[in-house]
Protein chains: 2
Amino acid sequence: MAVQGSNKNQKPGNLVQTIERVSLILDVLGRYSRGISVGELSEEVGLPKGSTHRLLSSLAYFNFVRQDKPTKKYHLGFKLLELGSLLITQIDFRNEARPLMQELANKTGETIHLVVLDQNEALYIDKVALNQSGLQMMSRVGLRMPIHCTSVGKILAAYLPEEELDLIIKEKKLPRLTAHTMTDVALFKRHLKEVRVCGYAIDDEENENGIRCVAAPIRNSDGAVVAALSISGPSIRVSLKAIEDSLKDQVCAAALHISKKTGFIG
Amino acid sequence: MAVQGSNKNQKPGNLVQTIERVSLILDVLGRYSRGISVGELSEEVGLPKGSTHRLLSSLAYFNFVRQDKPTKKYHLGFKLLELGSLLITQIDFRNEARPLMQELANKTGETIHLVVLDQNEALYIDKVALNQSGLQMMSRVGLRMPIHCTSVGKILAAYLPEEELDLIIKEKKLPRLTAHTMTDVALFKRHLKEVRVCGYAIDDEENENGIRCVAAPIRNSDGAVVAALSISGPSIRVSLKAIEDSLKDQVCAAALHISKKTGFIG
DNA sequence: AATATGGTTTCGCAATGCGAAACGAAAGGG
DNA sequence: CCCTTTCGTTTCGCATTGCGAAACCATATT
């Protein structure tokens with residue numbers, strides 16, 4: 001599967017009601033890890049109990065949701081896990097990326113992430129952390145991060161058409177997450193220009209205190225940036241000097257390698 | 001989230017048409033890793049092009065599917081990845097299991113799996129393999145396996161009410177996958193009795209030639225078996241002797257440890 | 001340019017699914 | 001032990017929703 005740019009969702013209007021409701025229901029279920037009853041759910045989504053129940057039982061039949069028999073509460077269903085993990089295997093560069101991510105993790109000792117742009121956010125689609133079960137990053141496949149305060153987000157943003165970037169900034173703003181977060185649009189754009197020049201991006205504790213990252217772009221055969229690869233770790237180990245001295249080169253080399261494997265001619 | 005037993009889906013009848021169609025569409029999309037056009041898809045699902053398109057555009061709006069702009073082809077959408085990975089984090093024993101799986105992988109050098117029963121199959125919900133990027137198992141989170149020829153499947157089957165087990169066997173049969181696969185119902189049931197007595201199950205190249213596994217049950221606070229933990233590896237390393245001497249004890253100890261962490265009083 | 005191909009939109013009809021209300025099954029309390 | 005409450009599930013008549021044939025439109029092709 002090719003992952004090309006982000007998907008700008010057209011204007012709502014002619015949406016299928018059932019799909020809208022299903023999306024809403026699944027989102028709510030996602031927020032209740034202990035499960036939720038029909039009554040509560042119907043309250044939450046603002047639909048009559050009967051209607052909610054009809055949708056739930058059909059969703060359950062196809063395994064999109066699960067009803068816990070003893071408690072009668074509804075949960076997300078394993079069909080979602082199945083489809084989600086299927087989706088991951090369909091991303092073509094992911095298979096090429098895997099071994100190189102592993103190697104990068106072994107060499108650097110830090111956590112490696114593979115990220116795409118989706119819904120105007122940076123979406124983690126793979127992660128390799130060393131087995132030494134020390135402190136792990138809170139990141140996780142399927143998780144989303146803002147584009148303005150992560151190294152991967154900056155990479156994905158830097159190679160976007162200006163107008164699309166403007167739309168994203170307009171929608172998401174540049175919320176402050178740490179003292180280092182860039183919250184000024186002009187500054188952010190200047191920064192992205194630098195990223196394009198350097199060919200890599202740094203997150204210097206702009207997303208989470210004590211965490212620093214470096215990322216590089218992964219390109220498809222057309223040269224378009226389709227993903228970003230990053231090295232993340234505690235600021236003590238991932239010092240600005242370490243980044244300059246070797247990490248930035250390692251992540252760039254690995255990203256280029258992946259790009260070439262999937263048809264990019266550098 | 002508690003994962004309790006399997007979900008027996010009630011009889012179809014009053015299903016919401018849209019949900020049925022959505023499920024079908026997503027399943028088909030899952031089979032086309034290169035994407036599929038509206039025309040092909042409408043052919044495949046047996047729906048008029050217009051109807052297929054309407055469903056797809058609503059699904060795309062909510063990010064359940066993605067349309068690749070250059071090719072216009074449709075793919076699974078990242079919302080599925082998001083919901084699927086959210087679901088995984090909601091399984092309560094998974095968080096307790098993780099570190100123990102890691103430890104088990106380090107000690108044994110083999111691949112560790114965490115599996116639940118879903119839709120009458122063994123569903124992999126977590127996997128820990130060593131970093132040493134040698135030969136990896138083809139297993140993957142979200143993948144399903146038969147219950148009769150995997151160690152984890154046998155564990156999940158062994159503690160099922162007889163009637164439910166019969167239903168599963170009736171539905172799935174006991175298809176032969178290797179020369180060692182048990183295909184006789186009576187033999188299989190006798191075998192499950194042994195599993196209950198021993199407290200662990202072995203897959204002796206019954207699912208895949210050259211792969212042997214040992215699994216043990218994970219129980220909730222009520223003592224009900226909710227998952228299985230396994231050690232898998234090439235038959236050369238995972239010999240029957242190695243299993244007897246230490247692997248079976250290690251996997252049982254780890255599984256019991258996880259059970260106790262989530263409230264089981266052994 | 002003309003044509004073919006395939007994605008997208010329209011629109012009038014009726015099937016689909018909506019939701020108020022009835023029903024039923026547990027759980028709690030007198 | 002029965003009565004009451006609570007909450008999940010089912011029913012059913014109505015009208016809204018979404019169905020799908022056909023028109024439309026945008027690319028690619030000759």
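In the text below, chain A, chain B and the rest are named by the order of the sequence lines, each starting its count at 1. No hydrogens, no waters, no symmetry mates; every other heavy atom, side chains included, goes into these values.
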Engineer: Would you tell me if any nitrogen or oxygen in the side chain of B/R21 comes within less than 4.0 Å of OP1 or OP2 on D/dG20?
Structural biologist: yes
Engineer: Atom CD1 of A/I19 to atom P of C/dG17: distance rounded to whole Å?
Structural biologist: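 Between P of C/dG17 and CD1 of A/I19: 11 Å.
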Engineer: To the nearest angstrom, how far is A/D68 atom CG from D/dG8 atom P?
Structural biologist: 13 Å
Engineer: Whole-Å distance between D/dC7 P and A/E43 CD?
Structural biologist: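 Checked: the CD to P distance equals 11 Å.
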Engineer: Kindly list each side-chain donor-acceptor pair under 3.5 angstrom involving residues 257-265 of chain B, sequence neighbours excluded, with atom names and distances?
Structural biologist:
from: B/S259; atom 1: OG; to: B/R219; atom 2: N; distance (Å): 2.9
from: B/S259; atom 1: OG; to: B/A255; atom 2: O; distance (Å): 2.9
from: B/T262; atom 1: OG1; to: B/I258; atom 2: O; distance (Å): 3.1
from: B/T262; atom 1: OG1; to: B/S259; atom 2: O; distance (Å): 3.1

Engineer: Could you verify whether a donor N or O on one side chain and an acceptor N or O on the other, from B/H148 and B/K154, lie under 3.5 Å apart?
Structural biologist: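 No.
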Engineer: Rounded to the Å, how far apart are B/L41 CG and C/dG6 P?
Structural biologist: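 Atom CG in B/L41 sits about 15 Å away from atom P in C/dG6.
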Engineer: Separation of B/I36 atom CD1 from C/dG6 atom C1', in whole Å?
Structural biologist: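 Distance, rounded to whole Å: 14 Å.
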Engineer: So, does B/Y74 get its side chain near the phosphate of C/dT8, meaning an N or O under 4.0 Å from OP1 or OP2?
Structural biologist: yes
Engineer: Atom NZ of A/K73 to atom P of D/dT9: distance rounded to whole Å?
Structural biologist: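 After rounding, the gap between these two atoms is 13 Å.
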Engineer: Between A/K79 and B/D118, does at least one N-O distance fall below 4.0 Å, as a salt bridge requires?
Structural biologist: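 So A/K79 does not pair with B/D118 through a salt bridge.
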Engineer: How close or far is atom P of D/dG8 from atom CG of A/L56, stated in whole angstroms?
Structural biologist: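 One finds 10 Å between P of D/dG8 and CG of A/L56, rounded.
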Engineer: Taking atom types as modelled, find out whether B/Y61 and A/E20 have a side-chain donor-acceptor pair closer than 3.5 angstrom.
Structural biologist: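 No - no donor-acceptor pair under 3.5 Å links their side chains.
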Engineer: Quick check on contacts: within residues 44-53 of chain B, what sits under 4.0 Å from DNA chain C by heavy-atom distance?
Structural biologist: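 DNA chain C contact set from residues 44-53 of chain B: B/K49, B/G50, B/H53.
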Engineer: What is the distance, to the nearest angstrom, from the CG atom on B/L55 to the P atom on C/dG17?
Structural biologist: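 In whole Å, C/dG17 P lies 11 Å from B/L55 CG.
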Engineer: In terms of the nearest nucleotide of DNA chain D, which residue is placed more toward the 5' end: A/T18 or A/S37?
Structural biologist: A/S37
Engineer: Does D/dA15 have OP1 or OP2 under 4.0 Å away from a side-chain N or O of A/Q17?
Structural biologist: no
Engineer: Below 4.0 angstrom, N of the basic side chain to O of the carboxylate: do A/R34 and A/D68 qualify?
Structural biologist: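 Salt bridge between A/R34 and A/D68, a charged N being under 4.0 Å from a carboxylate O: no.
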Engineer: Take atom NZ of B/K193 as the centre, draw a 6.0 Å sphere, and report whether it contains more than 12 heavy atoms from other residues, nucleotides or ligands.
Structural biologist: no
Engineer: Looking only at non-hydrogen atoms, find the nearest pair between A/Y124 and A/V115 and report the distance.
Structural biologist: CD2-CG2, 4.0 Å
